[in-house]
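Bear in mind that the values here come from a model prediction, so they are computed numbers and not experimental data.
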Amino acid sequence: MACRLFGWIVGLGVSGARRGYPSDLTDEQWALVEPLLPSPRTGSRGGRREKHPRRQIVDVILYIARTGCQWRYLPNDFPPWPTVYWYFTWWHDDGTVERIHDALRVKVRLAEGRAPEPTAALIDSQSVRAADSVPASTSGFDAGKKTRGRKRFIVTDTLGLLLAVHVVAASVQDRDGGKRPLLWTRLDHPTVLKFWADQGFAGRLVTWAADTLRREVDIVRKQPGQRGFQVQPKRWAVERTFAWITMRRRLACDYERKPAHAETMIRWAMTDVILRRLTRGRPATRPGPKPLRPAP
């Protein structure tokens, strides 16, 4: 009982600098997120007063994204899963998640000495397996990747920061599924004048973007005679973004019943990446291999 009470106290952030889980927000990160959340409801006419701190709700969502935990299997020191899921869907429906992500992306670009809005972007797709909970109507088979599930289309700037995301069945071809994220980027980021893409987007999508969007899609092709993996100019940044996303175990496979919720989980994952980048204050490093030492 004492251990459970201590875990609940840590989850509320009452224990000072101690954090309950590695995915929890630091005080500096929470200071960036809190002003971007919608105003809490009052107890008069706005409904029942909120019972759980907003910071704890965000911590739970980031915990799920990072660990891949199922909603019903949340640790006991977190709020009840229906409460957290209600916030997840509420902030998805009213656009809060997208506003938080976009505001933090601008901060990263300014910190890197860039303009708030990019002038060039990258587009790519990724096919991932779908869980049994994913409806068959929103999944398909990617014959090229030999994957049954869903396909993620993302558009990023040249820093690898997310501009648009679209999740469809894996059976959708790149040149067809790429239209909507390109259109969203054209509407939300009109300063973007050029896109780089791989060979899967060649053909009618390039013509459609030029005629309809008045934007150039430049196809980055492999070198003649290339064998094996090679880093392709420009496009490596969007490939790195997919690596950032799939480091969050919830996104190593698609578990969301609705494609729109899968897009929101990707935005939460990228928000986590951006927050760490803004508050780290130094380049990211990974621990190297540790030599085995005999037991004493």
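- Judged purely by distance below 3.5 Å, without hydrogens or angles, the side chains of T279 and Q29 pair a donor atom with an acceptor atom.
- The shortest side-chain heavy-atom distance between W30 and V58 falls under the 4.5 Å cut-off.
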(message) Show, in sequence, the C-alpha distance, side-chain angles and deciding distance for R277 and E112, and conclude whether the salt bridge (Lys or Arg N to Asp or Glu O under 4.0 Å) test is met.
(response) CA-CA 11 Å; R277 185 165 179 171; E112 294 287 337; 3.4 Å; yes

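- Looking only at side-chain heavy atoms (C-beta outward), D124 and R235 come within less than 4.5 Å of each other.
- Minimum heavy-atom separation, G140 to A170: O-CB, 3.5 Å.
- A continuous path of Ile, Leu, Val, Met, Phe, Trp and Tyr side chains, each step under 4.5 Å between heavy atoms, connects L122 with W244, placing both in one hydrophobic cluster.
- The distance from the CG atom of L161 to the CE atom of M270 is 5.5 Å, given to the nearest 0.5 Å.
- Between T138 and R150, the side chains place a donor N or O and an acceptor N or O closer than 3.5 Å (distance only, hydrogens not considered).
- Side-chain polar atoms of D132 and Y255 form no donor-acceptor pair below 3.5 angstrom.
- Donor-acceptor pairing under 3.5 Å is recorded for the side chains of T158 and R114.
- With a 6.0 Å radius and a threshold of 12 heavy atoms from other residues, nucleotides or ligands, R240 has its CZ atom above the threshold.
- Checking R267 against T264 by side-chain atom types alone, no donor-acceptor pair falls below 3.5 Å.
- Looking at R152, its side chain never comes within 3.5 Å of a backbone N or O of F242 through a donor-acceptor pair.
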(message) Set out, in order, the CA-CA distance, both residues' side-chain angles and the distance that settles side-chain contact (heavy atoms from CB on, under 4.5 Å) for V33 and R54, then state yes or no.
(response) CA-CA 10 Å; V33 173; R54 293 285 187 87; over 6 Å; no

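- I57 and I100 fall within a single hydrophobic cluster, where Ile, Leu, Val, Met, Phe, Trp and Tyr are joined by side-chain heavy atoms under 4.5 Å apart, directly or via other members.
- Paired with R248 under the rule side chain to side chain contact (heavy atoms under 4.5 Å, CB included), one option of I64, V273, L62 passes, and it is V273.
- Between V155 and A121, the closest heavy-atom pair is CG1-CB, 3.8 Å.
- Side chains of D254 and M265 form no contact here, defined as non-hydrogen atoms less than 4.5 Å apart.
- Between W184 and H166, the angle of the ring planes goes over 60°, which puts this pair in the perpendicular group of the 30/60° scheme.
- Aromatic ring centres of Y21 and F78: separated by under 6.0 Å.
- Residues passing the salt bridge (charged side-chain N to carboxylate O under 4.0 Å, His left out) test with R55 are D27, sequence neighbours excluded.
- Using a 3.5 Å distance cut-off with no hydrogens or angles, the side chains of D142 and T147 do not pair a donor with an acceptor.
- One hydrophobic cluster, built from ILVMFWY side chains closer than 4.5 Å, holds both L104 and I266.
- Between the side chain of R105 and the main chain of L162, a donor-acceptor pair closer than 3.5 Å is present.
- Taking all atoms of both residues into account, the shortest heavy-atom contact from S125 to F201 is N-CZ, 4.1 Å.
- You'll find the side chain of L278 reaches within 4.5 Å of the side chain of L32, heavy atoms only.
- Across all their heavy atoms, T89 and H261 have their closest contact at CG2-CE1, 3.8 Å.
- W90 and W81 fall within a single hydrophobic cluster, where Ile, Leu, Val, Met, Phe, Trp and Tyr side chains are chained together by heavy-atom contacts under 4.5 Å.
- A donor-acceptor pair under 3.5 Å links the side-chain atoms of R109 to the main chain of A115, judged by distance alone.
- Between the side chain of T212 and the backbone N or O of A209 there is no donor-acceptor pair closer than 3.5 Å.
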(request) Could you go through the side-chain contact (heavy atoms from CB on, under 4.5 Å) check for V238 and I123 one step at a time? (result) CA-CA 7 Å; V238 69; I123 183 172; over 6 Å; no

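- Counting non-hydrogen atoms of neighbouring residues, nucleotides and ligands closer than 6.0 angstrom, the NZ atom of K194 exceeds 12 such neighbours.
- Side-chain atoms of R215 do not come within 3.5 Å of backbone N or O of F195 as any donor-acceptor pair.
- Of the inter-residue distances, the one linking K146 atom NZ with F141 atom CZ reads 6.0 Å to the nearest 0.5 angstrom.
- Residues W71 and F88 bring their aromatic ring centres within 6.0 Å.
- Side-chain atoms of D24 come within 3.5 Å of backbone N or O of G20 as a donor-acceptor pair.
- At distances below 3.5 Å, not a single donor-acceptor pair connects side-chain atoms of R148 with backbone N or O atoms of R129.
- If you take CD1 on I274 and CG on D272, they are separated by 10.0 Å, rounding to the nearest 0.5 Å.
- With rounding to the nearest 0.5 angstrom, the OH atom of Y73 is 13.5 Å from the OG1 atom of T67.
- Here the closest non-hydrogen pair linking S139 and A130 is CB-CB, 4.5 Å.
- Between the side chain of T96 and the backbone N or O of H92, no donor-acceptor pair lies under 3.5 Å.
- To the nearest 0.5 angstrom, R66 atom CZ is 8.0 Å from S23 atom OG.
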(message) side-chain contact (heavy atoms from CB on, under 4.5 Å) for L36 and H101? Distances and angles first, verdict last.
(response) CA-CA 9 Å; L36 303 173; H101 172 270; over 6 Å; no

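- Atom-to-atom distance recorded for K107:NZ and L275:CG is 10.5 Å, nearest 0.5 angstrom.
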(request) Applying side-chain contact (heavy atoms from CB on, under 4.5 Å), run through F153 and V167 and close with a yes or a no. (result) CA-CA 6 Å; F153 290 87; V167 176; over 6 Å; no

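- The neighbour count for R99 CZ, taken as heavy atoms of other residues, nucleotides or ligands under 6.0 Å away, is above 12.
- Within the 4.5 Å cutoff, the side chain of W268 has no heavy atoms near those of the L251 side chain.
- Between L205 and G178, the closest heavy-atom pair is CD1-C, 4.2 Å.
- At least one donor-acceptor pair under 3.5 Å links the side chain of D59 to the backbone N or O of L25.
- By the 4.5 Å heavy-atom criterion applied to side chains, I219 and D198 are not counted as neighbours.
- A donor-acceptor pair under 3.5 Å is absent between the side-chain atoms of D174 and the main chain of D176, judged by distance alone.
- Contact of the C69 side chain with the L74 side chain is registered, since non-hydrogen atoms from C-beta on lie closer than 4.5 Å.
- When hydrophobic clusters are built by joining Ile, Leu, Val, Met, Phe, Trp and Tyr residues whose side-chain heavy atoms come closer than 4.5 Å, directly or via intermediates, V106 is not grouped with V192.
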